[in-house]
Amino acid sequence: MTPIDKLKMEPFGVNFDLETGEMLNPKNHLVRRASDMKGHYKSEASLNELIQNQNNPLHYEVFEVPVPEKSGQLMYCISKLQPGLVGDECFMTKGHYHTVPETAEIYLCLRGEGFMMMKTSDGECRLEKMTRGRMVYVPPFWAHRSINTGSEALISFCVYPGNAGHNYGDIEKEGFPERVFLRNGKVVIEKR
Ligand code: F6R
Ligand code: ZN
């Protein structure tokens, strides 16, 4: 098989409801609950409280109709992050570098309000506002996590190279340099 044959496939289409931000008929559905988020929030006690007393609530979901994980392909998905607080820290995704670090990603926000937090391995940190109709470009080498500061789900359409992969381990070790809280209805950003 030549390299071209390996990438050959039939064109296809996928339907979205742009009002709700839903991908209709996804093939894969990844679910993360509060218990999947151990070690990511400032207050582990508040996270445990949520797991035990609030029935381990849904945190975020990823919906996709996957394509082969190969250079030349474009992977895409819907990421849906629930609103909520762990103590006073806003719900967020785990965050990751791409396994192939020189791969970028585009997030188009369809609903909700929040931030994309991005960091380099040198500790540089940036926050980009996410709101309906805003695209955030995550350049190569930047780890990224979404943070929901609003009262409804934060929903984005993401596109990234098929061979990018996800490296969660380095972020679990390093963490992100900043945290986002909601205090008295105000967004507060703090350095760790
Ligand atoms: C893919 C990507 C998103 C996230 C999703 C869940 O490269 O960045 O689709 O995978 O928002 O977040 P994580 O992967 O951090 O659990
Ligand atoms: Zn990514």
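One-based numbering, in listed order, for ligands and for the atoms of each. Computed from a prediction, not measured in an experiment: that's the story for all the values here.
Only side-chain heavy atoms of His166 come within less than 4.0 Å of ligand 1; its backbone N, CA, C and O stay farther off.
In summary, the atoms of ligand 1 found under 4.0 Å from a heavy atom of His98, numbered by their order in the structure, are 7 (O). Near Thr93, meaning under 4.0 Å from any of its heavy atoms, are these atoms of ligand 1: 12 (O), 15 (O). Per-residue contacts place Tyr160 under 4.0 angstrom from the following atoms of ligand 1 (heavy atoms of the residue considered): 1 (C), 7 (O). Interface of Val62 with ligand 1, defined as ligand atoms under 4.0 Å from a residue heavy atom, comprises 5 (C), 6 (C). The contact set between ligand 1 and His96, taken as ligand atoms under 4.0 Å from a residue heavy atom, comprises 1 (C), 2 (C), 4 (C), 7 (O), 8 (O), 10 (O), 13 (P), 14 (O), 15 (O). Atom numbering of ligand 1 starts at 1 in the shown order; those under 4.0 Å from a heavy atom of Glu105 are 1 (C), 2 (C), 3 (C), 7 (O), 8 (O). Shown in contact with Cys158 at under 4.0 Å from a heavy atom are these atoms of ligand 1, numbered in order with element: 9 (O). Close approach to Cys77 involves these atoms of ligand 1, each under 4.0 Å from a residue heavy atom: 9 (O).
When each of Lys42, Arg183, Arg179 is tested with Asp88 by the rule side chain to side chain donor-acceptor pair (under 3.5 Å), just one qualifies, namely Arg183. Screening Met130, Arg134, Met135 against Tyr107 for a side-chain contact (heavy atoms from CB on, under 4.5 Å) leaves a single residue, Met130.
Residue contact check for ligand 1: His144 places a non-hydrogen atom closer than 4.0 Å to it. Using a 4.0 Å heavy-atom cutoff, Glu64 is absent from the residues neighbouring ligand 1. Using a non-hydrogen distance threshold of 4.0 Å, Ala164 does not register as a contact of ligand 1.
Residues Ala34 and Leu50 share a closest heavy-atom pair of CB-CD2, 4.2 Å. Looking at every heavy atom in both residues, Leu81 comes nearest to Asn148 through O-ND2, 3.0 Å. Across Cys90 and Tyr41, no two heavy atoms sit closer than the pair O-CE2, 3.5 Å.
The distance criterion of under 3.5 Å between nitrogen or oxygen atoms is met by Gly95 with respect to ligand 1. For the pair Tyr168 and ligand 1, the shortest N or O to N or O distance falls below 3.5 Å. Considering backbone and side-chain N/O atoms, Ser146 never comes within less than 3.5 Å of an N/O atom of ligand 1. On a distance-only criterion, Arg32 and ligand 1 share no N/O pair closer than 3.5 Å.
Shown here are the protein N/O/S atoms lying under 2.8 Å from the Zn ion (ligand 2), water excluded: His96 NE2, His98 NE2, Glu105 OE1, His144 NE2.
Protein heavy atom at the shortest distance from atom 3 (C) of ligand 1 is Tyr107 OH, 3.2 Å. With respect to atom 11 (O) of ligand 1, the closest heavy atom belonging to the protein is Ser79 OG, 2.8 Å. Ranking protein heavy atoms by distance to atom 16 (O) of ligand 1, first place goes to Tyr60 OH, 2.5 Å.
Looking at Glu44, its side chain does come within 3.5 Å of a backbone N or O of Gly39 through a donor-acceptor pair. Side-chain atoms of Asn167 do not come within 3.5 Å of backbone N or O of Tyr97 as any donor-acceptor pair. Here the side chain of Arg33 pairs no donor or acceptor atom with the backbone of His59 at under 3.5 angstrom. Remark: the backbone N or O of Pro177 is not paired with any side-chain donor or acceptor of Arg192 at under 3.5 angstrom.
Taking the centre of each ring, Tyr160 and His166 come in below the 6.0 Å mark.
The cationic atom of Lys80 (NZ for Lys, CZ for Arg) does not lie both less than 6.0 Å from the six-membered ring centre of Tyr60 and within 45° of the ring axis.
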Apply side-chain contact (heavy atoms from CB on, under 4.5 Å) to residues Gln73 and Leu7 and explain how you reach the verdict. CA-CA 8 Å; Gln73 301 281 2; Leu7 288 173; 3.8 Å; yes

The test is side-chain contact (heavy atoms from CB on, under 4.5 Å); show your working for Thr120 and Phe141 and say whether it passes. CA-CA 6 Å; Thr120 63; Phe141 303 107; 5.6 Å; no

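Salt bridge status for Glu124 with Arg126: present, with a side-chain N to carboxylate O gap under 4.0 Å.
By the rule that hydrophobic residues join a cluster once side-chain heavy atoms approach within less than 4.5 Å of another member, Phe115 and Phe181 end up as members of separate clusters.
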